Amino acid sequence: MDLSSTIVYAGGSFRRYDEAKVGLLTHGLQYGTGCFEGIRGYWSAQERELHLVLLREHYQRLAISAKILLMKLPHTLDELIDITAEICARNAFETDVYLRPCIFKSAEDIGVRLHNVPDYFAIIPVPFHRYLDTTKGLNVCISSWRRADDTMAPPRAKITGLYVNSALAKTEAITNGFDEAILLSHDGHVAEGSAENVFIVRDGTLYTPDPSQNVLEGCTRRAIMTIAESMGVKTVERSIDRGELYAADEIFFTGTAAGIAYVASLDHRTVGNGTLGPIAKKLAETYQRAVHNQEPQFASWLTATYASRQKARV
Ligand code: PMP
């Protein structure tokens, strides 16, 4: 991916990607002491507008992640929203995008710690790429890696270093011929995918691990629960056993990058009849409409980047 001329926001100003550099000894790189977000923007050719999804919610989560690592975002939520819209406008994207805000410990010295280290904030936009193929079902395995436990490092925070856990699980799954992994928590309950939350359907009810099961509190997870509620589908947040996954009528993942991706098989056992189940289908369709500004009841999830810029310039 050649991002060299992409406009990013880094260290307090807008600049080209290739002009924003970090040093080799940077703490965030050496010790994984940073946190980040992944935000999606969907381009509407008809409206000539780029809609950013759940921007406020993502920045609220980033603020919490940063707080856990003893950092503070250098801007208010409103400023962050404004800067993010400005990045999109300066790049004049006319495609779907993925935005990567991050804040990390920027000292270049030896000595792992969180205290007395300056930090650095950046937002990097990249043109969209599809993360998981959501048009067909995924063949998934239970990972031999366990999800990091909150007593080790809090998975509730989107911490860069914690993604070693996800990377180990994802690569194990792929090299063993699967598409994705589900990680169990330390005590053997279902946690989440390598970069997605997990839902199951049993007898018309949705179940998903509650936030105390070492999961990231996903923005898409919350959105899906809201859509489900609007359809009269109940969601129960509770611990889920591995065996219950095998018994489920439907299993699907949710995530900003992935959207909604359904699981066709788990550990070589077909889920339902191996096709997109009726509840996941309805939720996925509504979610897709919502992020493309076709669901007025969920319009507040979107930030219309270009319209707000034009207004600001008048
Ligand atoms: N769990 C993990 C570990 C993730 O990396 C992600 C992606 N951010 C998710 C869940 C889904 O979260 P969201 O819906 O906010 O993207």
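As the structure is a computational prediction, the values presented were derived from the model and not from experiment.
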Cluster question for you: counting only ILVMFWY and a side-chain heavy-atom cut-off of under 4.5 Å, with indirect links fine, are [X] and [Y] together?
{"X": "I87", "Y": "Y306", "answer": "yes"}
{"X": "L184", "Y": "L216", "answer": "no"}
{"X": "L29", "Y": "M71", "answer": "no"}
{"X": "V198", "Y": "V215", "answer": "no"}
{"X": "I224", "Y": "I182", "answer": "no"}

Just so I know, are the side chains of [X] and [Y] near enough to count as touching, which here means a heavy-atom distance under 4.5 Å?
{"X": "E295", "Y": "T286", "answer": "yes"}
{"X": "M225", "Y": "L206", "answer": "no"}
{"X": "L69", "Y": "F104", "answer": "no"}
{"X": "H58", "Y": "L52", "answer": "no"}
{"X": "H189", "Y": "I240", "answer": "no"}
{"X": "L77", "Y": "Q60", "answer": "yes"}
{"X": "I279", "Y": "F199", "answer": "no"}
{"X": "F253", "Y": "L138", "answer": "yes"}

With side-chain contact (heavy atoms from CB on, under 4.5 Å) as the criterion, how do C35 and I103 come out once you've worked through the C-alpha distance, each side chain's angles and the decisive distance to 0.1 Å? CA-CA 6 Å; C35 48; I103 179 167; 3.6 Å; yes
[X]-[Y] side chain donor-acceptor pair, cut-off 3.5 Å:
{"X": "T84", "Y": "Y59", "answer": "yes"}
{"X": "E172", "Y": "S143", "answer": "yes"}
{"X": "D78", "Y": "T76", "answer": "no"}

Could you pull out the closest heavy-atom pair between [X] and [Y], with the gap in Å?
{"X": "T95", "Y": "P127", "answer": "OG1-CB, 4.2 Å"}
{"X": "V117", "Y": "A107", "answer": "CG1-CB, 3.3 Å"}
{"X": "F252", "Y": "V201", "answer": "CE2-CG2, 4.2 Å"}
{"X": "A169", "Y": "A181", "answer": "O-CB, 3.7 Å"}
{"X": "R202", "Y": "A247", "answer": "NH2-CB, 3.9 Å"}
{"X": "G255", "Y": "T220", "answer": "C-OG1, 3.2 Å"}

To the nearest 0.5 Å, tell me how far [X] [atom1] sits from [Y] [atom2].
{"X": "L266", "Y": "N139", "atom1": "CG", "atom2": "CG", "result": "10.0 Å"}
{"X": "I260", "Y": "K282", "atom1": "CD1", "atom2": "NZ", "result": "13.0 Å"}
{"X": "I81", "Y": "T305", "atom1": "CD1", "atom2": "OG1", "result": "12.5 Å"}
{"X": "N165", "Y": "W145", "atom1": "CG", "atom2": "CH2", "result": "8.5 Å"}
{"X": "L25", "Y": "I110", "atom1": "CG", "atom2": "CD1", "result": "5.0 Å"}
{"X": "E37", "Y": "E57", "atom1": "CD", "atom2": "CD", "result": "10.5 Å"}

Test salt bridge (charged side-chain N to carboxylate O under 4.0 Å, His left out) applied to D203 - qualifying residues, sequence neighbours left out: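 In terms of salt bridge (charged side-chain N to carboxylate O under 4.0 Å, His left out), with neighbours along the sequence ignored, D203 is linked to no residue.
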Give a yes or no answer on whether the side chain of [X] reaches the backbone of [Y] with a donor-acceptor pair at less than 3.5 Å.
{"X": "R40", "Y": "A257", "result": "yes"}
{"X": "K158", "Y": "L62", "result": "no"}
{"X": "S166", "Y": "L162", "result": "no"}
{"X": "K136", "Y": "A264", "result": "no"}
{"X": "N273", "Y": "T275", "result": "yes"}
{"X": "R113", "Y": "G111", "result": "yes"}
{"X": "N91", "Y": "T6", "result": "no"}
{"X": "S106", "Y": "P118", "result": "yes"}
{"X": "R15", "Y": "A10", "result": "yes"}
{"X": "D179", "Y": "V140", "result": "no"}

Can you spot which of I124, L99, D18 makes a side chain to side chain contact (heavy atoms under 4.5 Å, CB included) with V8?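 It is I124; the other options fail the test.
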Please determine if [X] and [Y] form a salt bridge, counting it only when a charged side-chain N lies under 4.0 Å from a carboxylate O.
{"X": "E250", "Y": "K281", "answer": "no"}
{"X": "E217", "Y": "R61", "answer": "no"}
{"X": "E192", "Y": "R221", "answer": "no"}

Go through E94 and R48 one step at a time and tell me if the salt bridge (charged side-chain N to carboxylate O under 4.0 Å, His left out) criterion holds. CA-CA 8 Å; E94 295 195 358; R48 300 204 58 70; 2.5 Å; yes
Under 6.0 Å from the OH atom of Y17, do we count more than 12 heavy atoms belonging to anything else shown? no
Could you tell me whether E47 atom CD has more than 12 heavy atoms of other residues or ligands within 6.0 Å of it? yes
For F128 and Y98, I'd like to know if the aromatic rings sit close, meaning centre-to-centre distance below 6.0 Å.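 Centroid separation for F128 and Y98: 6.0 Å or greater.
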Between Q213 and V190, does a side-chain contact (heavy atoms from CB on, under 4.5 Å) hold up when you go through it step by step? CA-CA 8 Å; Q213 304 293 323; V190 174; over 6 Å; no
Check the orientation of F298 and W301. Use parallel for under 30°, tilted for 30 to 60°, and perpendicular for over 60°.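 F298 vs W301 ring planes: parallel.
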Y42: what forms a ring-ring contact (aromatic ring centres under 6.0 Å, His included) with it, not counting sequence neighbours? H292
Mind checking what makes ring-ring contact (aromatic ring centres under 6.0 Å, His included) contact with H268, not counting sequence neighbours? F178
Passes side-chain contact (heavy atoms from CB on, under 4.5 Å), K105 versus L114? Steps please. CA-CA 8 Å; K105 301 285 180 181; L114 293 176; 4.0 Å; yes
Give the C-alpha distance, both sets of side-chain angles, the deciding distance and a yes or no for side-chain hydrogen bond (donor to acceptor under 3.5 Å, both in side chains) between E180 and S194. CA-CA 7 Å; E180 186 51 278; S194 66; 2.8 Å; yes
Using the rule given for side-chain contact (heavy atoms from CB on, under 4.5 Å), can you reason through V126 versus R100, listing the C-alpha separation, both sets of side-chain angles and the distance that settles it, and then say yes or no? CA-CA 8 Å; V126 287; R100 169 57 56 84; over 6 Å; no
